[in-house]
Colleague: 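After the structure tokens below, expect a handful of questions from me.
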Amino acid sequence: MGTDEYAFLAHLLETGVLAVGNEIDPAQADAYWSGEIGLPMPIDADVTAYLTRADTEALIAAALWVVRNHFLSGSHPSLHMRLVHGLYAQGRLHRSELLGLLALLSYRQLDQEYKAISLLAMEALDEGRLEEGLDLVEPMLRARIP
């Protein structure tokens, strides 16, 4: 996948799932429908369902696939963290998934809070202190508004 695909998917997830943006850019939507922008098969049908029927559940299913596969964690780490946070706050991610999804290798574009959460998650995983790590990370997530 190229930059256009990542940017389209990031913008779609931001505007549709996190509700922190404007409408989808018509040029990006046209590029998607024309086939210029291609997405992995597991999320393509969900994205199409969202764009054609405004099916929020389909977009959430795509967001879950994206975060569980770290699809955007390298290219859009801040969005990845917001998605994990938002999906967890909605009860769509199990507590046991948190540390693995929050431990990022790329810290660019992360604010100090998310960077601290990510570092704590990584340390807890590396040292095998899963419960202790979750006990530290969860209140930090709850303190942020998703």
Side-chain angles (χ1 to χ4, degrees), residues 1-25 28-29 31-32 36-146:
M1 286 197 40
T3 305
D4 289 344
E5 286 87 349
Y6 282 122
F8 170 73
L9 187 58
H11 184 69
L12 183 68
L13 292 172
E14 245 179 354
T15 57
V17 175
L18 300 175
V20 290
N22 299 322
E23 296 294 316
I24 300 301
D25 177 5
Q28 282 187 322
Y32 173 73
E36 278 179 62
I37 290 176
L39 299 173
M41 291 295 292
I43 61 173
D44 191 53
D46 289 327
V47 168
T48 300
Y50 175 72
L51 291 174
T52 57
R53 298 190 311 268
D55 183 349
T56 304
E57 285 301 313
L59 192 60
I60 288 171
L64 286 166
W65 188 92
V66 161
V67 298
R68 286 183 172 134
N69 289 279
H70 283 268
F71 191 66
L72 291 173
S73 65
S75 59
H76 294 77
S78 182
L79 173 61
H80 173 87
M81 295 292 278
R82 289 194 314 273
L83 279 172
V84 170
H85 184 193
L87 291 167
Y88 180 67
Q90 295 173 24
R92 296 178 183 272
L93 286 172
H94 191 271
R95 183 176 191 259
S96 63
E97 294 181 272
L98 274 181
L99 292 180
L101 295 177
L102 294 172
L104 299 184
L105 296 175
S106 174
Y107 300 118
R108 70 192 161 96
Q109 302 168 346
L110 288 184
D111 63 27
Q112 285 304 108
E113 286 179 271
Y114 275 146
K115 186 175 182 178
I117 289 170
S118 186
L119 288 169
L120 273 172
M122 187 179 293
E123 285 175 15
L125 285 173
D126 286 347
E127 297 170 8
R129 298 180 294 114
L130 305 184
E131 270 309 307
E132 184 181 334
L134 286 168
D135 289 344
L136 292 171
V137 165
E138 275 186 306
M140 293 172 78
L141 286 176
R142 275 191 227 107
R144 281 189 72 123
I145 297 172

Colleague: Rounded at 0.5 Å granularity, tell me how far CG in Leu79 sits from CG in Leu13.
Modeller: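 Going from CG on Leu79 over to CG on Leu13, the span is 6.0 Å.
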Colleague: Roughly how far apart are Leu51 CG and Leu12 CG, rounded to 0.5 Å?
Modeller: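 If I round to the nearest 0.5 Å, the distance is 5.5 Å.
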Colleague: Met122 vs Leu105, test: side chain to side chain contact (heavy atoms under 4.5 Å, CB included). Steps then yes/no.
Modeller: CA-CA 9 Å; Met122 187 179 293; Leu105 296 175; 3.7 Å; yes
Colleague: Just so I know, are the side chains of Met81 and Asp111 near enough to count as touching, which here means a heavy-atom distance under 4.5 Å?
Modeller: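 Answer no - side chains too far apart.
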Colleague: Take Leu9 and Val47 through the side chain to side chain contact (heavy atoms under 4.5 Å, CB included) test and state the conclusion after the steps.
Modeller: CA-CA 9 Å; Leu9 187 58; Val47 168; 4.3 Å; yes
Colleague: How many angstroms lie between atom CG of Leu120 and atom CG of Asp135, to the nearest 0.5 angstrom?
Modeller: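 Atom-to-atom, Leu120:CG and Asp135:CG are 12.0 Å apart.
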Colleague: Pick from Gln109, His80, His85: which one makes a side-chain hydrogen bond (donor to acceptor under 3.5 Å, both in side chains) with Tyr114?
Modeller: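 That would be His85; it is the only one of Gln109, His80, His85 passing the side-chain hydrogen bond (donor to acceptor under 3.5 Å, both in side chains) with Tyr114.
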Colleague: Roughly how far, to the nearest 0.5 Å, is the CG atom of Asp46 from the OG1 atom of Thr56?
Modeller: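 With rounding to 0.5 Å, OG1 (Thr56) is 12.0 Å from CG (Asp46).
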Colleague: Using every non-hydrogen atom in the two residues, find where Ser73 and Ser106 come nearest and quote the distance to one decimal.
Modeller: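 Nearest heavy atoms, Ser73 then Ser106: O-CB, 4.3 Å.
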Colleague: Is there side-chain contact between Ser118 and Leu102, with heavy atoms separated by less than 4.5 Å?
Modeller: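 Side-chain contact under 4.5 Å: no.
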Colleague: Could you tell me which residues satisfy side-chain hydrogen bond (donor to acceptor under 3.5 Å, both in side chains) with Ser96, sequence neighbours excluded, listed by chain and number?
Modeller: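 Per chain and number, Ser96 pairs via side-chain hydrogen bond (donor to acceptor under 3.5 Å, both in side chains) with His94.
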Colleague: Do Glu57 and Arg92 meet the salt-bridge criterion of a basic N to acidic O distance under 4.0 Å?
Modeller: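 Glu57 and Arg92: salt-bridged.
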Colleague: Should Arg53 and Thr48 count as side-chain neighbours, where that means a heavy-atom distance under 4.5 Å?
Modeller: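 No, too far: nothing below the 4.5 Å cut-off.
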Colleague: Could you tell me which non-hydrogen atom of Leu99 sits nearest to which non-hydrogen atom of Ala124, and how far apart they are?
Modeller: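 Answer, listing the atom of Leu99 first, then Ala124: CD1-CB, 4.1 Å.
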Colleague: What distance separates Leu83 CG from His76 NE2, expressed to the nearest 0.5 Å?
Modeller: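 One gets 11.0 Å once the value is rounded to the nearest 0.5 Å.
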Colleague: Output the distance between atom CZ (Arg95) and atom CG (Leu134), rounded to the nearest 0.5 Å.
Modeller: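 Here the interatomic distance stands at 4.5 Å.
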Colleague: Which is it for Leu98 and Leu141 under the side chain to side chain contact (heavy atoms under 4.5 Å, CB included) test, yes or no, and what are the steps along the way?
Modeller: CA-CA 10 Å; Leu98 274 181; Leu141 286 176; 4.0 Å; yes
Colleague: Side-chain contact, heavy-atom cut-off 4.5 Å: Gln28 with Asp4?
Modeller: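 No; the side chains remain at least 4.5 Å from each other.
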Colleague: Does the side chain of Asp44 pick up a donor-acceptor pair with the side chain of Tyr32 at under 3.5 Å?
Modeller: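 A donor-acceptor contact under 3.5 Å links the two side chains.
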Colleague: Kindly give the heavy-atom pair with the smallest separation between Ala58 and Ala49, and that separation in Å.
Modeller: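 It is CB-CB, 3.7 Å.
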Colleague: Within the 4.5 Å heavy-atom criterion, are Leu93 and Arg68 side-chain neighbours or not?
Modeller: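 Leu93 reaches Arg68 side chain to side chain.
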Colleague: Taking all heavy atoms of Met140 and all of Ala116, pick out the closest pair and write down the distance.
Modeller: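 The answer is CE-CB, 4.0 Å.
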